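The structure appears below as structure tokens.
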Amino acid sequence: MKKFFILLLCCNFLQAADWQGFGFRIVHSSQEDDRTTLELTDSAGRSLTIFFTGKEPENRQLAVLAELHKQFHGWKSMQVRSIRYTFTDKDSIEIQIFPQSFADEKNDYMKYLPGHLFFIYKDQLQYSFRLEVNKLFVKIRGYFTEEAELLKKLAAAVKDPQGFIVKRDPEYFVAKFEKLEEELETQKGELFRQKKENERLKAAIAALHNTGWFSGPEAIPEALLARIVELKIQNPQWKRKEIEEQLERDKIDYRSKQVRLVLAVYFSEFE
């Protein structure tokens with residue numbers, strides 16, 4: 001289907017807003033402070049209401065208004081009861097549509113629409129409104145491309161409101177992300193604990209085998225054990241001889257049996 005595009009006029013007209021030139025006729029005008037309300041009809045006699053503050057909209061904005069109005073009244077699924085356009089100070093247009101009917105082949109969306117349809121035009125048309133389905137308020141938000149795409153989203157919300165909310169609600173994803181972060185931190189803590197327990201177990205095994213003729217098990221000095229492990233990790237190709245040579249250069253006291261035990265227990269290397 002044809003996608004929804006609006007071309008802004010490049011020209012900047014200096015004359016007063018040409019409502020009639022864009023197919024609109026002013027029926028009634030009122031003003032409160034600097035806010036103006038206009039009741040108009042279009043070329044087909046359909047009513048619309050315009051709100052703006054300060055000066056009248058420029059003709060380039062009226063061109064956008066005319067295209068929007070044509071598009072909304074061209075929907076196959078919706079009959080418009082009334083429609084309001086508000087020109088804001090930020091050069092955007094807010095649209096409130098109150099449908100007379102709104103349905104496709106499978107669903108009557110009027111049953112789920114607690115208020116009105118809300119759109120806003122800022123270079124691109126966006127929508128943001130709610131449906132009430134099975135006592136759940138479902139947010140419908142996005143960029144408008146075509147009628148069929150919006151109806152597809154509405155049908156999904158009506159069919160499974162809970163699933164629709166879960167998939168699209170940012171708050172749900174934030175909560176999910178926070179839970180995953182918490183689980184990750186827990187896993188990090190458990191991994192660190194297991195790593196320390198593994199190191200203590202290896203040290204205990206090395207101490208168990210570090211015995212002499214007249215003595216029982218003796219723990220390998222922590223500094224020596226850590227240095228042997230560090231050297232082996234930094235130099236995987238090194239054997240006991242190279243490590244002992246480096247320990248001598250480091251002026252660290254050791255026994256060959258201690259080096260053999262660390263290599264055997266920590267790296268499964270046996271000589």
Side-chain angles (χ1 to χ4, degrees), residues 1-6 35 37 39 42 46-53 64-65 67-90 92-187:
M1 293 183 68
K2 177 183 175 183
K3 292 205 170 186
F4 186 95
F5 290 105
I6 296 176
R35 180 179 172 87
T37 302
E39 301 292 339
D42 62 14
R46 297 173 298 215
S47 299
L48 62 148
T49 305
I50 304 293
F51 302 95
F52 61 87
T53 301
V64 174
L65 169 66
E67 182 61 23
L68 287 170
H69 195 66
K70 177 182 176 182
Q71 290 285 342
F72 289 130
H73 280 286
W75 283 24
K76 296 179 180 179
S77 61
M78 177 177 65
Q79 292 294 320
V80 177
R81 175 166 56 86
S82 63
I83 186 166
R84 302 172 184 172
Y85 299 94
T86 301
F87 290 88
T88 69
D89 295 336
K90 297 180 181 179
S92 63
I93 305 175
E94 296 178 355
I95 306 108
Q96 295 171 284
I97 301 176
F98 298 84
Q100 183 69 39
S101 63
F102 188 24
D104 58 19
E105 295 178 356
K106 296 182 179 180
N107 298 290
D108 180 4
Y109 298 111
M110 291 295 290
K111 296 191 301 184
Y112 309 107
L113 191 65
H116 57 272
L117 302 177
F118 179 81
F119 292 80
I120 185 168
Y121 179 82
K122 294 180 180 179
D123 298 323
Q124 218 174 336
L125 189 62
Q126 304 172 51
Y127 51 84
S128 178
F129 55 89
R130 297 187 303 174
L131 297 182
E132 185 178 359
V133 187
N134 298 335
K135 297 184 179 180
L136 290 174
F137 284 103
V138 185
K139 296 178 182 177
I140 309 295
R141 293 181 294 191
Y143 286 91
F144 183 83
T145 54
E146 58 183 7
E147 179 185 355
E149 189 65 27
L150 177 56
L151 290 175
K152 183 179 178 181
K153 183 179 287 189
L154 295 178
V158 169
K159 182 178 180 180
D160 181 13
Q162 185 68 53
F164 189 92
I165 293 171
V166 167
K167 289 180 180 179
R168 293 168 175 81
D169 191 346
E171 294 179 2
Y172 169 81
F173 286 108
V174 169
K176 195 75 172 176
F177 181 72
E178 290 177 348
K179 184 178 179 180
L180 289 173
E181 275 192 325
E182 184 178 328
E183 290 176 354
L184 180 60
E185 289 301 318
T186 301
Q187 291 175 2

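Values in this document were obtained by computation on a predicted structure and should not be read as measured data.
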Heavy atoms, side chains only, cut-off 4.5 Å: are [X] and [Y] in contact?
{"X": "I120", "Y": "T88", "answer": "no"}
{"X": "F72", "Y": "L125", "answer": "yes"}
{"X": "H69", "Y": "L48", "answer": "yes"}

Item to complete: Decide side-chain contact (heavy atoms from CB on, under 4.5 Å) for I140 and L150; before the verdict, give the C-alpha distance in whole Å, the side-chain angles of both, and the deciding distance to 0.1 Å.
Response: CA-CA 9 Å; I140 309 295; L150 177 56; 4.2 Å; yes
Inter-residue atom distance [X].[atom1] - [Y].[atom2], 0.5 Å rounding:
{"X": "K122", "Y": "Y143", "atom1": "NZ", "atom2": "OH", "result": "9.0 Å"}
{"X": "Q124", "Y": "T145", "atom1": "CD", "atom2": "OG1", "result": "9.0 Å"}
{"X": "S82", "Y": "I97", "atom1": "OG", "atom2": "CD1", "result": "9.5 Å"}
{"X": "T49", "Y": "Q96", "atom1": "OG1", "atom2": "CD", "result": "10.0 Å"}
{"X": "I95", "Y": "H116", "atom1": "CD1", "atom2": "NE2", "result": "11.0 Å"}
{"X": "Q100", "Y": "M78", "atom1": "CD", "atom2": "CE", "result": "12.0 Å"}

Discussion item. Quick check: F102 with Y109 (ring centres under 6.0 Å apart)?
Written reply: yes
Worksheet item: Taking E94 as the fixed residue, which of F118, F51, F87, Y121 is the one that meets the side-chain contact (heavy atoms from CB on, under 4.5 Å) rule?
Response: F118
Worksheet item: Is Q79 atom CD crowded by more than 12 heavy atoms from other residues, nucleotides or ligands, each under 6.0 Å away?
Response: no
Discussion item. Testing the basics here: between R130 and L113, what is the closest heavy-atom pair and its distance to 0.1 Å?
Written reply: O-CD1, 3.7 Å
Worksheet item: What are the two closest heavy atoms between E132 and K135, and how far apart are they?
Response: OE2-CA, 4.2 Å
Practice prompt. Spell out, as yes or no, whether a donor-acceptor pair under 3.5 Å connects the side chain of N134 to the backbone of L136.
Written response: no
Worksheet entry | Test item: E147 side-chain N/O and S77 main-chain N/O as donor-acceptor pair under 3.5 Å | yes
Please tabulate, for the side chains in residues 151-161, all donor-acceptor contacts under 3.5 angstrom to protein atoms that are two or more places apart in sequence or on a different chain.
unit_1, atom_1, unit_2, atom_2, d
K153, NZ, Y127, OH, 2.9
K153, NZ, R141, O, 2.9
D160, OD1, G163, N, 3.1

Worksheet item: In terms of the angle between their ring planes, are F119 and F144 parallel, tilted or perpendicular, with boundaries placed at 30° and 60°?
Response: perpendicular
